[in-house]
Engineer: 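Below you will find the structure I want to go over with you.
In the text below, chain A, chain B and the rest are named by the order of the sequence lines, each starting its count at 1. Side chains included, hydrogens not; waters and symmetry mates left out as well; all remaining heavy atoms used. Worth saying up front: this structure is predicted, and the values here are computed from it rather than measured.
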Amino acid sequence: MHRVNLAIIGAGPAGMAAAAEAAKAGVRVLLLDEQATLGGQIFRNVEVGSELRGAVLGRDYRRGALLTDAVAKSDVDYVAKARVWSIEENHVAYSTPDGEYLVEADHVLLATGALERAMPVPGWTLPGVMTAGAAQIMLKQSGIVAREAVLVGSGPLLYLVAVQLVRAGFPPKALVETQTRSDMRRAMTHWRAAMRGWRYLQKGAATLNELRNAGVPRYVKSRNIALLGSRRVDAVHFSCGGAIHEMATDTVLLHHGVVPDVQAARMAGIEHHWNAQQNAFVPKVDPWGRTECDGVWIAGDGAGIGGAMSAELSGRITGLAVAHELGSLPRAERDRRANPLIGQRNVELSIRPFIDRAFPPYHEALAPEDEVTVCRCEEVKAGQIREAAEQGCLGPNQAKAFTRAGMGRCQGRYCGLSVSRILADANNRSMDDTGYVRVRPPLKPVTLGQVAALHDPNAPLEQAGGHD
Amino acid sequence: MKPVSRFEELESGAPRVPVRFGGQEYQLAEGSNLAAALMAAGVDAFRQTSHRGVGRAPFCMMGACFDCLVLVNGETRQACLMEVETGLDVQPARRMREGPYASR
Ligand SMILES: Cc1cc2nc3c(=O)[nH]c(=O)nc-3n(C[C@H](O)[C@H](O)[C@H](O)COP(=O)(O)OP(=O)(O)OC[C@H]3O[C@@H](n4cnc5c(N)ncnc54)[C@H](O)[C@@H]3O)c2cc1C
Ligand code: FES
């Protein structure tokens, strides 16, 4: 079997930065990502996207090319279209279009990033409804934009996508926003800390200005949101400022924040705790990204939402820590290089309490009406979860047996938090006591043939690294 | 009749190649993302849910939600993780067994 010093799962800012930093110190790094290109969510296709797309996506986006360059110029062994489906002890199994691979790694770094928080409102499963991030991916990856989309929800990414649509020449029809003035008042109590992240505030103000100049209507403090249509979405219903609206549209883009993608960390058995400020479960890690599982590290948004800069800094910090652990970097040198990065990361994180309070998740999507589908895969409604709670179901693993929620292909990625929240509310228990749906391998669907290919001693198991 | 698209393609330079979806032929930009290209061509429903049999379309475009499931050469694939190649014959995934293991 092939061996590496460090296997990194995820080639976003965190994974790329960790790879480059560790390789620089002489560590043998294998960098795996299921996407076709380096970049992760924020820098998707930054290497191959056109000039036009670069202009639409803005300066921050093009910054990503520095990171992809650093990886390209290093000795990092990067494998595209590599889906990691199992991490056991220090063995990482992944499949690529040309075969199955198993690699033994001294250290494993999970840099799997974030997911957009599920937003279960009536009609959110209809074709024509997608996440705002999905629309952004279509733009980054393919230069395809939705005409006259209605953006629904809240948060910096909602505004960013709206502005990118404006720049692409197809301004959204409207923004239906769920945050309120009192959210902003609560956020302002954190203004002192937020001022350290003044660049973000400045950028936010410029974004709102651009939307205003483009004449995009904003419906702030919207409630009673429902997406209407039979075979596909054709309108957004909502109430705002005492009036009821029904706005015709073919495309609805939902977004109310991002949450750590904890699937890999959960599968690896790492302990998580509920972070009330981020409204999400986060894995337990120390400032270096070390978890309590020997040799397993987490960096980037997967360890708690901090944004792209913070993800990059965390990646570098963990890269240095792993290099030290492997004996490639003396402690003093690790600390000398890491200390300024840790300081910068603190500055980056100072804006988060403000953002989290100014743009909290949409309350009605945290406590959906009984009729709203919560588990998209198994088509389970919120009411069914509440019924399960009435019958004594306390946690999401029991709920699986009662309702099949979380048993579909996405393995709870988009219903896990909703199911836990509904159970916690119904049973009047904390999120920590309620827990999260158990994640078992395979992390991503594999065929039985793929599993067999790894376990058949006679099968010629390809070696990692031999991809080119 | 081909459906009307709700999307615009900003760059139309790439050569078009034929791809079949549900028996209908489309001309899609070679090498582009399959899910995006099909949506831009006006396709709405990619898969049918297993219980209620209703149509679903790509939701996350990042490989996480599995609502873009299609059948390609008898194999279930996520269209958002595939590229357009000439001659692909794609079928919507219909009422298949859910669960982490694909049927093959
Ligand atoms: C859809 C979306 C769009 C976003 N757009 C922006 C934006 O424009 N600007 C901004 O500032 N922030 C954006 N964010 C927030 C952004 O994700 C983070 O700030 C930043 O990308 C985090 O970097 P990361 O390295 O932690 O993870 P990511 O950049 O998310 O990278 C994680 C990588 O891990 C890979 N991966 C996950 N699981 C597996 C597996 N099992 N096998 C193989 N590979 C795997 C993924 O393919 C992905 O490439 C976006 C978030 C999302 C979800
Ligand atoms: S659109 Fe979500 S997995 Fe493809």
Engineer: Can you tell me which of A:Lys81, A:Arg83, A:Arg440, A:Gln136 forms the most heavy-atom pairs within a distance under 4.5 Å of chain B?
Structural biologist: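 Max contact count across the listed options: A:Arg83.
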Engineer: Counting only non-hydrogen atoms closer than 4.5 Å, does A:Glu148 touch chain B with its backbone (N, CA, C, O), its side chain (CB onward), both, or neither?
Structural biologist: neither
Engineer: Going by distance alone, is a donor N or O of one side chain under 3.5 Å from an acceptor N or O of the other, for B:Thr49 and A:Glu379?
Structural biologist: yes
Engineer: Among A:Val129, A:Leu115, A:Asp261, which residue forms the greatest number of heavy-atom pairs with chain B at distances under 4.5 Å?
Structural biologist: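 Among the listed options, the one with the most contacts to chain B is A:Val129.
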Engineer: Is it the backbone or the side chain of A:Ile137 that comes under 4.5 Å from a heavy atom of chain B, or both, or neither?
Structural biologist: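 Just the side chain, heavy atoms under 4.5 Å.
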Engineer: Just so I understand: if I count every heavy-atom pair under 4.5 Å between each of A:Ala36, A:Ala135, A:Gly128, A:Ala132 and chain B, which residue has the most?
Structural biologist: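 Highest number of heavy-atom pairs under 4.5 Å: A:Gly128.
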Engineer: Would you please test A:Lys444 and A:Glu34 for salt bridge (charged side-chain N to carboxylate O under 4.0 Å, His left out) and show each step?
Structural biologist: CA-CA 10 Å; A:Lys444 299 275 176 154; A:Glu34 66 179 329; 2.8 Å; yes
Engineer: Can you tell whether the side chains of A:Arg231 and B:Asp44 come within less than 4.0 Å, N to carboxylate O?
Structural biologist: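 So A:Arg231 does not pair with B:Asp44 through a salt bridge.
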Engineer: Check each atom of A:Leu139 against the heavy atoms of chain B and say whether the ones under 4.5 Å are side chain, backbone, both or neither.
Structural biologist: side chain
Engineer: Heavy-atom pairs under 4.5 Å with chain B: which of A:Met138, A:Arg376, A:Arg232 has the most?
Structural biologist: A:Arg376
Engineer: Establish, from distance only, whether the side-chain atoms of A:Thr403 and A:Gln384 form a donor-acceptor pair under 3.5 Å.
Structural biologist: no
Engineer: Tell me whether B:Arg77 is salt-bridged to B:Glu83, with the criterion being a basic N under 4.0 Å from an acidic carboxylate O.
Structural biologist: no
Engineer: Where does A:Thr373 contact chain B at under 4.5 Å (heavy atoms): side chain, backbone, both or neither?
Structural biologist: side chain
Engineer: Is it the case that B:Arg56 places NZ or CZ above or below the six-membered ring of B:Phe46, under 6.0 angstrom from the centre and within 45 degrees of the axis?
Structural biologist: no
Engineer: Name the option with the most non-hydrogen atom pairs under 4.5 Å to chain B; the candidates are A:Met130, A:Gln263, A:Gln141.
Structural biologist: A:Met130
Engineer: Please classify the contact of B:Ala14 with chain A as side chain, backbone, both or neither, using a heavy-atom distance under 4.5 Å.
Structural biologist: neither
Engineer: Closest approach of A:Thr112 and A:Ala264, non-hydrogen atoms and distance?
Structural biologist: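 So the two residues come closest at CG2-CB, 4.3 Å.
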